[in-house]
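What follows is a short report on a single structure.
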Amino acid sequence: MRKFVYSLSLLLMALFFVVSTASANENVEEESDTLIVSDVFVKFVNEAYKEGNTIEVIDSEGNDISNQFVEDTYNLFLEGDYVSIYNLINDQDLSFAYEEEKIVENEGVSTFATTKTMATNKSFYKVAKSQHGISKDWSATIRSSMTYQVLPKKVVSLGKTTVSFDTTFGTLFSPYQSGVSTSGKNNGSSATFSASYTMKATQELAKGVPWRDHNFGSHSHSFTKAP
């Protein structure tokens, strides 16, 4: 009986140590978020400022402040001061995205006009907290294409719309998405591309030992593109 009680006590002590360590690691990670930006954010900013890409920043009231944002942050980007850029976005609750486009095909002259195909994608940066109070960030990229007449300008058809994610939550987190849906809508003179999903993650106490699930909420992104 004494051996059983002793073994049970050791087991409970070991479990308490693991849980305490995991909780401590969470707190350190949470505090670090205010000091060290994630690899996801650094990669996102580097891509956003690439020549040819278009940055879009929307403030909390829905105003497009892209030009002012780029003017305020370009030197910070050149200096590698990602923390100041992150703080600006976080403190002012800004929506941060960038867009890429490329003419990938010229099908020649049709009966009506020359038609071209444009590949387009837009990436959105997102930060959210789970029900356990843990903050994580990621980016979602919507990709599609459109074929259009040059004169008069008219969208002829749309390619398949997809969404992909850049998620680096840490070694003890396994992020995944549920309820993922995408759509592309031909508006005639433009096209609207959309994606929605719920971001989740499973957290482990230690490698191979599942602990709890995190739900970072449901999110949707969309953009409208004219040829």
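Quick caveat, the model's predicted, so the values are computed rather than measured.
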**Message:** One pair to check against side chain to side chain contact (heavy atoms under 4.5 Å, CB included): I58 and E56. What are the steps and the verdict?
**Reply:** CA-CA 7 Å; I58 307 299; E56 179 187 77; 4.0 Å; yes
Side chains of [X] and [Y]: closer than 4.5 Å at any heavy-atom pair?
X: K154; Y: Y148; answer: no
X: V45; Y: I85; answer: yes
X: N215; Y: T198; answer: yes
X: F44; Y: S123; answer: yes
X: F77; Y: V70; answer: no
X: V150; Y: K116; answer: yes

Indicate the atoms forming the closest heavy-atom contact of [X] with [Y], along with that distance.
X: T167; Y: P175; answer: OG1-CG, 3.4 Å
X: V155; Y: P227; answer: CG2-CD, 4.1 Å
X: L205; Y: L172; answer: O-CD1, 4.1 Å
X: A191; Y: L158; answer: CB-CD2, 3.6 Å
X: T161; Y: S144; answer: OG1-OG, 3.3 Å

Can you tell me if [X] uses its side chain to pair, donor with acceptor, with the backbone of [Y] under 3.5 Å?
X: H219; Y: F216; result: yes
X: T73; Y: L76; result: no
X: N53; Y: E47; result: yes
X: T120; Y: S145; result: no
X: Q149; Y: K153; result: no
X: Q203; Y: R212; result: no
X: T192; Y: T224; result: no
X: N187; Y: S189; result: no
X: D166; Y: A140; result: no
X: N63; Y: I65; result: no

**Item:** Under 3.5 Å side-chain donor-acceptor pair for T147 and T115
**Value:** no
**Message:** Quick one about E71 and N67 (side-chain donor to acceptor, distance below 3.5 Å, no hydrogens or angles considered), yes or no?
**Reply:** no
**Message:** Apply side chain to side chain contact (heavy atoms under 4.5 Å, CB included) to residues H221 and F124 and explain how you reach the verdict.
**Reply:** CA-CA 7 Å; H221 311 289; F124 302 83; 3.6 Å; yes
**Lys/Arg-Asp/Glu bridge criterion (N-O < 4.0 Å) met for E100, K122** = no
Pairwise distance [atom1]([X]) to [atom2]([Y]) - rounded to 0.5 angstrom:
X: K185; Y: S190; atom1: NZ; atom2: OG; answer: 9.0 Å
X: N121; Y: K102; atom1: CG; atom2: NZ; answer: 11.0 Å
X: I89; Y: S95; atom1: CD1; atom2: OG; answer: 9.5 Å
X: F193; Y: S183; atom1: CZ; atom2: OG; answer: 9.5 Å
X: K225; Y: E101; atom1: NZ; atom2: CD; answer: 3.5 Å
X: S130; Y: M199; atom1: OG; atom2: CE; answer: 12.5 Å

**Asked** Should we say atom CG of D91 is surrounded by more than 12 heavy atoms from elsewhere, each under 6.0 Å from it?
**Response** yes
**Request:** Taking atom CG of D39 as the centre, report whether more than 12 heavy atoms of other residues, nucleotides or ligands fall under 6.0 Å from it.
**Result:** no
**Asked** Hey, mind stepping through S164 and R143 against side chain to side chain donor-acceptor pair (under 3.5 Å) and telling me if it holds?
**Response** CA-CA 8 Å; S164 60; R143 291 183 172 85; 2.7 Å; yes
**Request:** Report the C-alpha distance between K126 and D137 in whole Å, list the side-chain angles of each, state the deciding distance to 0.1 Å, and finish with yes or no for side chain to side chain contact (heavy atoms under 4.5 Å, CB included).
**Result:** CA-CA 6 Å; K126 189 68 184 179; D137 65 346; over 6 Å; no
Out of curiosity, does [Y] fall in the hydrophobic cluster containing [X] (side-chain heavy atoms, cut-off under 4.5 Å, transitive links)?
X: Y49; Y: L94; value: yes
X: V156; Y: L151; value: no
X: V180; Y: Y176; value: no
X: V127; Y: F41; value: yes

**Item:** Charged tip of K136 within 45° of F173 ring normal and under 6.0 Å
**Value:** yes
**Message:** Apply ring pair (Phe, Tyr, Trp, His ring centres under 6.0 Å) to residues F96 and F69 and explain how you reach the verdict.
**Reply:** CA-CA 10 Å; F96 185 26; F69 178 86; 5.5 Å; yes
**Request:** Show your working on side chain to side chain contact (heavy atoms under 4.5 Å, CB included) between Y74 and E79 and close with a plain yes or no.
**Result:** CA-CA 9 Å; Y74 186 65; E79 296 167 0; over 6 Å; no
**Message:** Using the rule given for side chain to side chain donor-acceptor pair (under 3.5 Å), can you reason through D81 versus S84, listing the C-alpha separation, both sets of side-chain angles and the distance that settles it, and then say yes or no?
**Reply:** CA-CA 6 Å; D81 189 355; S84 293; 2.7 Å; yes
**Request:** Just do the salt bridge (Lys or Arg N to Asp or Glu O under 4.0 Å) check on D213 and K200 with the steps written out, would you?
**Result:** CA-CA 7 Å; D213 293 322; K200 299 179 179 181; over 6 Å; no
**Asked** According to the interplanar angle, ranging from 0 to 90°, do the rings of H214 and H132 count as parallel (below 30°), tilted (30 to 60°) or perpendicular (above 60°)?
**Response** perpendicular
**Item:** Whether F169 and W138 hold their rings parallel, tilted or perpendicular, with breakpoints at 30° and 60°
**Value:** tilted
**Asked** Going through the distances and angles, do N87 and Y82 end up as a side chain to side chain donor-acceptor pair (under 3.5 Å)?
**Response** CA-CA 9 Å; N87 286 337; Y82 298 99; over 6 Å; no
